[in-house]
Amino acid sequence: MPELPEVETVVRDLRPLLVGRTIGAVRVGRHKLRSPWKPAWTPRVAGRRIDAIDRRGKWILVRLAGDATLVLHLGMTGQLTVHPEPEPLADHTHLRFPLDDGRELRFRDVRRFGSATLFASPGALAEHLNARLGPEPFALEPEYWFAALRGTTRCVKAVLLDQTVLAGVGNIYADESLFRAGVHPGRRANTMTRTQAESLRCAVEVVLRRAIDGRGSTIRDYIGGSGLKGGFQEEFAVYGRTGQPCPACRTPIAVARHAGRSSHHCPRCQK
DNA sequence: CTGTAATCCTGCGAGC
DNA sequence: TGCTCGCAGGATTACA
């Protein structure tokens with residue numbers, strides 16, 4: 001599922017297809033996503049031009065003419081793609097936004113952990129995002145990051161996954177970043193040295209950049225906004241590689257449980 | 001404050 | 001082949 005690199009890929013794919021187009025209507029499927037589409041939102045979307053498509057953390061922001069923003073989250077299995085309007089609907093398509101060029105934006109989500117919400121004003125949108133998201137990984141201040149780690153006894157993996165500390169990292173890229181930095185996922189955050197904190201901050205940046213270059217990772221369901229799968233799964237060092245040799249020392253990759261998630265790591269390289 | 005578990009869902013692979 | 005079990009990119013809530 002979509003973490004920052006996958007969401008960034010979707011946004012980059014959709015931007016040229018959607019910006020400048022006008023949404024003609026909203027078609028809602030029988031099953032609700034995480035929360036139901038409110039009928040009151042439809043007139044605020046239908047007839048509106050799309051001014052911009054942005055990403056914040058794992059959230060997709062479709063900025064509409066006027067003050068409203070359509071906010072989408074892909075959850076675990078969400079797909080957001082553009083199709084010719086007559087094209088048959090795939091199973092689990094829950095929302096459709098026909099456009100003025102004969103195509104249609106479709107939100108498909110097998111597990112329905114995704115969400116689609118409308119925020120009527122920039123203030124309401126900011127309130128929602130600010131309550132949930134810390135800084136973007138590419139704008140992470142070293143001092144802020146070090147202080148965030150030193151200020152808690154939680155394990156480092158839990159801090160990486162905490163969207164209010166750092167926005168956009170999920171289970172795959174947390175594990176890959178920790179391996180790259182040589183830090184064990186169960187390491188207590190408040191025992192990290194300044195050097196290790198900086199090493200981890202850089203590792204997160206490098207891993208995310210490379211994953212974006214690879215158009216994200218497809219484990220099973222993920223596809224970009226143009227329908228293409230990702231390629232970064234071919235470059236995983238540890239994620240999903242339990243029992244296979246560590247790329248650095250050949251020790252079998254182990255899996256442990258941290259913050260309720262599987263943590264793939266090398267027991268020899270990561271301290 | 002932490003950690004853990006359950007919740008929302010469907011699908012798939014492993015094991016019997 | 002067919003069944004059950006556990007697990008999966010996430011976020012939120014309840015509870016110890």
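All values reported here derive from a predicted model rather than from experimental measurement. Naming convention: chains lettered A, B, ... in sequence-line order (proteins, then strands); numbering from 1 in each chain.
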Touch class at under 4.0 angstrom, heavy-atom based, for A:Thr152 against every strand present: sugar-phosphate
Proximity to the side chain of A:Tyr239 - top-ranked nucleotide from C:dG10, C:dT12, C:dA8: C:dA8
Aromatic-base stack, A:Phe113 on C:dG10, cutoff 5.5 Å, angle under 30: yes
Contact summary for A:Ser115 and A:Arg34, nearest pair of heavy atoms: CB-CB, 4.1 Å
Nearest-angstrom distance from the residue atom CZ of A:Arg112 to C1' of C:dA11: 17 Å
Sugar-phosphate only, base, or nothing, as touched by A:His31 at under 4.0 Å among non-hydrogen atoms: nothing
Touch class at under 4.0 angstrom, heavy-atom based, for A:Gly260 against every strand present: nothing
Mate of B:dC16 where both pairing distances stay under 3.5 Å, Watson-Crick or G-U: C:dG2
Residue closer to the 5' end of DNA chain B, A:Gly151 versus A:Arg220 (nearest nucleotide): A:Gly151
Sugar-phosphate, base or nothing in reach of A:Asp109, heavy atoms under 4.0 Å: nothing
Side-chain heavy atoms of A:Val82 within contact of A:Leu18, under 4.5 Å: yes
d(OH, A:Tyr173; C1', C:dG10) in whole Å: 14 Å
Test item: A:Leu17 and A:Asp13 side chains (from C-beta on) under 4.5 Å apart, heavy atoms: no
A:Leu33 CG - C:dA11 P separation (whole Å): 15 Å
Pair A:Tyr173-A:Ser217, side-chain donor/acceptor within less than 3.5 Å: yes
Span of DNA chain B in contact with chain A (heavy atoms, under 4.0 Å): B:dT2 to B:dC12
Presence of donor-acceptor pair under 3.5 Å, side chain of A:Arg132 and base of C:dA11: no
